[in-house]
> 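Would you mind keeping the following structure in view while I ask a few things?
Chain identifiers are assigned alphabetically (A, B, ...) following the order of the sequence lines, protein sequences preceding nucleic acid strands; residue numbering begins at 1 within each chain.
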Amino acid sequence: MDGFRFFPQALDPDAQAALTAEVLTLVEAAPFFNPVTPGGKPFSVRMTNLGPLGWVSDRSGYRYQPTHPVTGRPWPAIPAVLLSLWRELGGCETPPDACLVNLYRDGAKMGLHQDRDEADFAFPVVSVSLGDPAVFRIGPAGGGPTTSLRLNSGDVCVLSGPARLARHGVDRVLAGGSRLIPGGGRLNLTLRRARTA
DNA sequence: GAGTGGCG
DNA sequence: GTAG
């Protein structure tokens with residue numbers, strides 16, 4: 001997968017713990033909600049966002065919006081450490097304007113999809129894994145054979161260039177593999193530039 | 001259970 | 001249409 005870059009253990013255990021604590025504190029003001037597809041089917045992951053814009057899905061469709069769908073308040077700010085990861089590993093000077101926070105509890109998964117709700121695909125997607133390991137799947141943008149990859153806590157993935165529109169998803173989460181998240185599970189932080197610079 | 005994929 |  002040209003354009004797909006994998007940075008194992010980009011965050012050491014102390015940095016993982018600090019980031020997890022910071023994100024969980026921030027999202028107290030923007031609680032995880034239960035999204036549904038435009039067809040009304042619930043996702044198995046729970047979601048919230050950080051930053052000027054947040055990705056949401058409901059019966060009206062997929063979109064980025066500046067406020068939490070339940071509280072109506074703006075999303076909390078993106079932590080500085082994530083802005084640094086975006087710049088250093090994503091190689092992008094323009095900062096992200098959205099950070100989707102997906103919480104995978106027992107049995108949660110994410111079907112194969114593309115991130116294509118952003119205005120300019122020249123900007124990368126930077127994904128940070130925290131907590132339980134996940135079996136990630138990725139394949140070409142145009143369809144075809146996929147490969148699977150285990151994502152551990154502290155790993156960072158970058159989708160850019162030809163891989164920016166890669167199909168990807170999470171087949172399953174390996175429960176109990178980490179004690180990082182209270183109550184267990186996996187937290188995935190996905191940084192994106194939703195609007196043009 | 002694993003892999004693939006409608007999809008614009 | 002949609003990450004189900």
> For C:dG1, decide between syn and anti, treating a glycosidic angle within 90° of 0 as syn.
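With its glycosidic angle within 90° of zero, C:dG1 counts as syn.
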
> Remember a base hit wins even if backbone is also touched, and classify A:D171 as base, sugar-phosphate or nothing at under 4.0 Å, heavy atoms.
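A:D171: no heavy atom of the nucleic acid under 4.0 Å.
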
> When the distance from CG of A:L174 to P of B:dA2 is rounded to whole Å, what number comes out?
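Atom CG in A:L174 sits about 10 Å away from atom P in B:dA2.
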
> Would the distance check show the side chain of A:Q16 and the main-chain N or O of A:S153 forming a donor-acceptor pair, the cut-off being under 3.5 Å?
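Checked: pair present.
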
> With nearest nucleotide decided by heavy atoms, which residue, A:S148 or A:R116, maps closer to the 5′ end of DNA chain B?
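So the residue in question is A:S148.
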
> Once you apply a heavy-atom cut-off of 4.0 Å, does A:P42 come out as touching a base, just sugar-phosphate, or nothing?
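It contacts sugar-phosphate atoms only.
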
> Between A:W86 and A:T94, is there a donor-acceptor pair closer than 3.5 Å when you use the side chain of the first and the backbone of the second?
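Such a contact is found between A:W86 side chain and A:T94 backbone.
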
> Report the distance from atom CZ of A:R167 to atom P of B:dC7, rounded to the nearest whole Å.
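So the CZ-P distance, A:R167 to B:dC7, works out to 10 Å.
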
> Are A:D97 and A:R193 ion-paired here, with the side-chain N under 4.0 Å from a carboxylate O?
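Between A:R193 and A:D97 there is a salt bridge, with a charged N closer than 4.0 Å to a carboxylate O.
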
> With A:L180, which of A:L130, A:L187, A:D132 fulfils side chain to side chain contact (heavy atoms under 4.5 Å, CB included)?
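Considering A:L130, A:L187, A:D132, a side chain to side chain contact (heavy atoms under 4.5 Å, CB included) with A:L180 is found only for A:L130.
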
> Taking 5' to 3' order, which nucleotide of DNA chain C is first and which is last to have an atom within less than 4.0 Å of a heavy atom in chain A?
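Both ends considered, the range comes out as C:dT2 to C:dG4.
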
> Starting at CD of A:Q114 and ending at P of B:dG5, how long is that distance when rounded to a whole Å?
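That distance rounds to 12 Å.
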
> Taking atom P in both B:dG5 and C:dG1, compute the distance separating them and give it to the nearest angstrom.
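My reading of the P atoms in B:dG5 and C:dG1 gives 23 Å.
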
> Considering all heavy atoms of both residues, which atom of A:P76 and which atom of A:L26 are nearest to each other, and what is their separation?
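So the two residues come closest at CG-O, 3.4 Å.
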
> Can you tell whether the side chains of A:D58 and A:R63 come within less than 4.0 Å, N to carboxylate O?
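A salt bridge links A:D58 with A:R63.
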
> Check whether any side-chain nitrogen or oxygen of A:R137 sits under 4.0 Å from OP1 or OP2 of B:dG3, and answer yes or no.
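Result: yes.
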
> Atom NE2 of A:H168 and atom C1' of B:dG5: how far apart are they, to the nearest Å?
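In whole Å, B:dG5 C1' lies 15 Å from A:H168 NE2.
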
> In this structure, how many angstroms lie between the C1' atom of B:dA2 and the CG atom of A:L149, rounded?
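Interatomic distance, CG of A:L149 to C1' of B:dA2: 16 Å.
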
> On the nucleotide B:dT4, are OP1 or OP2 found under 4.0 Å from the side-chain N or O atoms that A:T146 carries?
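Affirmative; the distance criterion is met.
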
> Which part of the nucleic acid, if any, lies within contact of A:G169, taking any heavy atom under 4.0 Å across all strands shown: a base, the sugar-phosphate backbone alone, or nothing?
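It contacts nothing in the nucleic acid.
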
> What I want to check is whether the side chains of A:D155 and A:Q9 have a donor and an acceptor closer together than 3.5 Å.
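Yes - a donor-acceptor pair under 3.5 Å links their side chains.
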
> Nearest-Å distance, CD1 (A:I138) to C1' (B:dG3)?
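Roughly 16 Å, once rounded to whole Å.
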
> Which is true for A:R192 with a 4.0 Å heavy-atom rule: it touches a base, it touches only sugar-phosphate, or it touches nothing?
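Base contact - A:R192 has a heavy atom under 4.0 Å of at least one base atom.
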
> Applying a 4.0 Å non-hydrogen cut-off, can you work out what A:G111 is touching in the nucleic acid: base, sugar-phosphate, or nothing?
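Answer is sugar-phosphate: A:G111 comes under 4.0 Å of backbone atoms only.
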
